[in-house]
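Notes follow once the structure below has been shown.
For the numbers below, each heavy atom of this structure counts, side chains included, while hydrogens, waters and symmetry mates do not.
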Amino acid sequence: MVVPAETYTHQRTVSKEDLDDLHHVNNVRYVQWIQDIAKEHWEVRATDRLKKDFIWVVIRHEIDYKKQAFLGDEILIETFVGETTFVTSERFVNIKKAKTGEILVAAKSMWCLLDADSKRPTKITEDLRTVFHKK
């Protein structure tokens, strides 16, 4: 039986610090938010032992910038984990306008699991596979 992935969300308000010279959210900020929500999802769901023994590093981002966000906009950042292989896991992130659900940014990232001590890729066990799935 396939257990559906958990969708983890975070809401935020666009601040002046998020803007670029064109007065909309800077693309670099979106990349930061994509990485931040992945880390936050791991921190919330993983046990202390897992967090001590393993770390995740991003090895690829694919990002589609669809619409702009501006100062004061309420946005919703959603993430869930997709296919997991031996040492990698794909993660999807959608950044939306909170009121309308309009997708501003759609991203797919590939993450690699590392042993925290050796910093070498390590096998994603069944315990790790279930961290991001509904119980």
Side-chain angles (χ1 to χ4, degrees):
M1 176 171 94
V2 175
V3 179
E6 172 191 65
T7 299
Y8 181 78
T9 61
H10 180 90
Q11 189 163 337
R12 66 179 311 119
T13 303
V14 174
S15 69
K16 186 176 181 180
E17 293 76 32
D18 299 322
L19 305 179
D20 61 16
D21 294 342
L22 300 174
H23 306 289
H24 57 71
V25 174
N26 190 313
N27 290 357
V28 173
R29 183 68 75 195
Y30 286 122
V31 173
Q32 186 65 58
W33 291 342
I34 290 164
Q35 293 190 173
D36 288 350
I37 197 164
K39 181 178 180 185
E40 186 177 321
H41 193 196
W42 169 250
E43 292 293 325
V44 166
R45 296 289 294 155
T47 65
D48 288 340
R49 183 191 62 78
L50 291 175
K51 289 185 271 189
K52 178 184 166 291
D53 292 345
F54 304 104
I55 56 176
W56 291 96
V57 293
V58 68
I59 56 176
R60 181 181 177 91
H61 283 305
E62 296 175 26
I63 304 171
D64 293 318
Y65 299 97
K66 298 178 176 287
K67 299 209 175 203
Q68 300 170 356
F70 300 94
L71 182 64
D73 283 352
E74 294 290 327
I75 59 170
L76 189 63
I77 306 169
E78 300 176 333
T79 189
F80 62 93
V81 173
E83 184 179 343
T84 299
T85 66
F86 188 71
V87 297
T88 63
S89 184
E90 66 183 359
R91 176 177 287 277
F92 295 90
V93 176
N94 289 313
I95 301 175
K96 304 175 177 183
K97 285 199 172 186
K99 290 182 183 176
T100 65
E102 274 183 292
I103 294 178
L104 304 170
V105 171
K108 176 181 162 186
S109 299
M110 190 62 67
W111 293 78
C112 182
L113 183 68
L114 302 182
D115 176 274
D117 292 329
S118 70
K119 307 297 187 279
R120 297 185 54 86
T122 190
K123 180 181 177 187
I124 299 172
T125 64
E126 193 58 36
D127 283 351
L128 284 162
R129 289 177 193 272
T130 61
V131 165
F132 299 113
H133 291 82
K134 296 178 182 178
K135 303 280 181 184

ask   = Just by modelled atom types, is the E83 backbone N or O under 3.5 Å from a matching donor or acceptor in the E90 side chain?
value = yes
inquiry  = Looking at every non-hydrogen atom in both residues, tell me the closest pair between H10 and E40 and how far apart they are.
reply    = ND1-OE2, 3.4 Å
message = Can you confirm whether P121 sits close enough to L113 that some side-chain heavy atom of one is under 4.5 Å from a side-chain heavy atom of the other?
response = no
ask   = How long is the gap from CG on N94 to CD1 on I75, to the nearest 0.5 Å?
value = 12.0 Å
key: H61 and W111 aromatic ring geometry - parallel, tilted or perpendicular at 30°/60° bounds   = perpendicular
task = Please report the closest heavy-atom contact between G72 and T13, naming both atoms and the distance.
result = O-CG2, 3.7 Å
Atom pair CG (D20) and CG (N27), whose distance is rounded to the nearest 0.5 Å = 7.0 Å
key: ILVMFWY network linking L128 to F132, side-chain heavy atoms under 4.5 angstrom   = yes
task = For a side-chain hydrogen bond (donor to acceptor under 3.5 Å, both in side chains) with E102, tell me which candidate from K67, K66, K96 qualifies.
result = K67
ask   = Are L22 and I95 grouped together when hydrophobic residues (ILVMFWY) are joined by side-chain heavy atoms under 4.5 angstrom apart?
value = no
ask   = What do you reckon, is NZ of K51 surrounded by more than 12 foreign heavy atoms closer than 6.0 Å?
value = yes
message = Parallel, tilted or perpendicular: which one describes the rings of Y65 and Y30, with boundaries at 30° and 60°?
response = tilted
query = When rounded to the nearest 0.5 angstrom, what distance separates CG in D36 from CD in E43?
reply = 11.5 Å
message = Membership question, hydrophobic clusters at under 4.5 Å side-chain separation (ILVMFWY): are L76 and L104 in the same one?
response = no
ask   = Once you round to the nearest 0.5 Å, how far does CD1 of I124 lie from CD of E126?
value = 11.0 Å
request  = Using a cut-off of 6.0 Å, state whether more than 12 heavy atoms not belonging to R129 lie near its atom CZ.
outcome  = yes
Atom of I77, atom of V93 and distance for their closest heavy-atom approach = CG2-CG1, 3.9 Å
ask   = Is the F92 ring parallel, tilted or perpendicular to the F80 ring (thresholds 30°, 60°)?
value = parallel
request  = For S15 and L71, work out which heavy atoms get closest and say how close.
outcome  = C-CD1, 3.5 Å
remark   = Shortest non-hydrogen pair, Q11 vs A98, comes out as NE2-CB, 3.8 Å
task = Check the surroundings of atom NZ in K99: do more than 12 heavy atoms from other residues, nucleotides or ligands lie under 6.0 Å from it?
result = no
message = According to a hydrophobic-cluster definition based on side-chain heavy atoms being under 4.5 Å apart (Ile, Leu, Val, Met, Phe, Trp, Tyr only), do W56 and L50 belong together?
response = yes
Within one Ile-Leu-Val-Met-Phe-Trp-Tyr cluster: V14 and I37, side-chain cutoff 4.5 Å = yes
request  = Quick one: closest heavy-atom pair of S109 and I34, and the distance?
outcome  = OG-CG2, 3.9 Å
query = Say you draw a straight line from NZ of K123 to OG1 of T125; how long is it, rounded to the nearest 0.5 Å?
reply = 8.0 Å
query = So, does N26 use its side chain to make a donor-acceptor pair with the main chain of V28 at under 3.5 Å?
reply = yes
query = Has the side chain of R29 got a donor or acceptor atom that lies under 3.5 Å from a matching backbone atom of E17?
reply = yes
query = Step by step, would you call W33 with V25 a side chain to side chain contact (heavy atoms under 4.5 Å, CB included)?
reply = CA-CA 11 Å; W33 291 342; V25 174; 3.9 Å; yes
request  = Report the distance from atom CG of D115 to atom CZ of F54, rounding to the nearest 0.5 Å.
outcome  = 6.5 Å
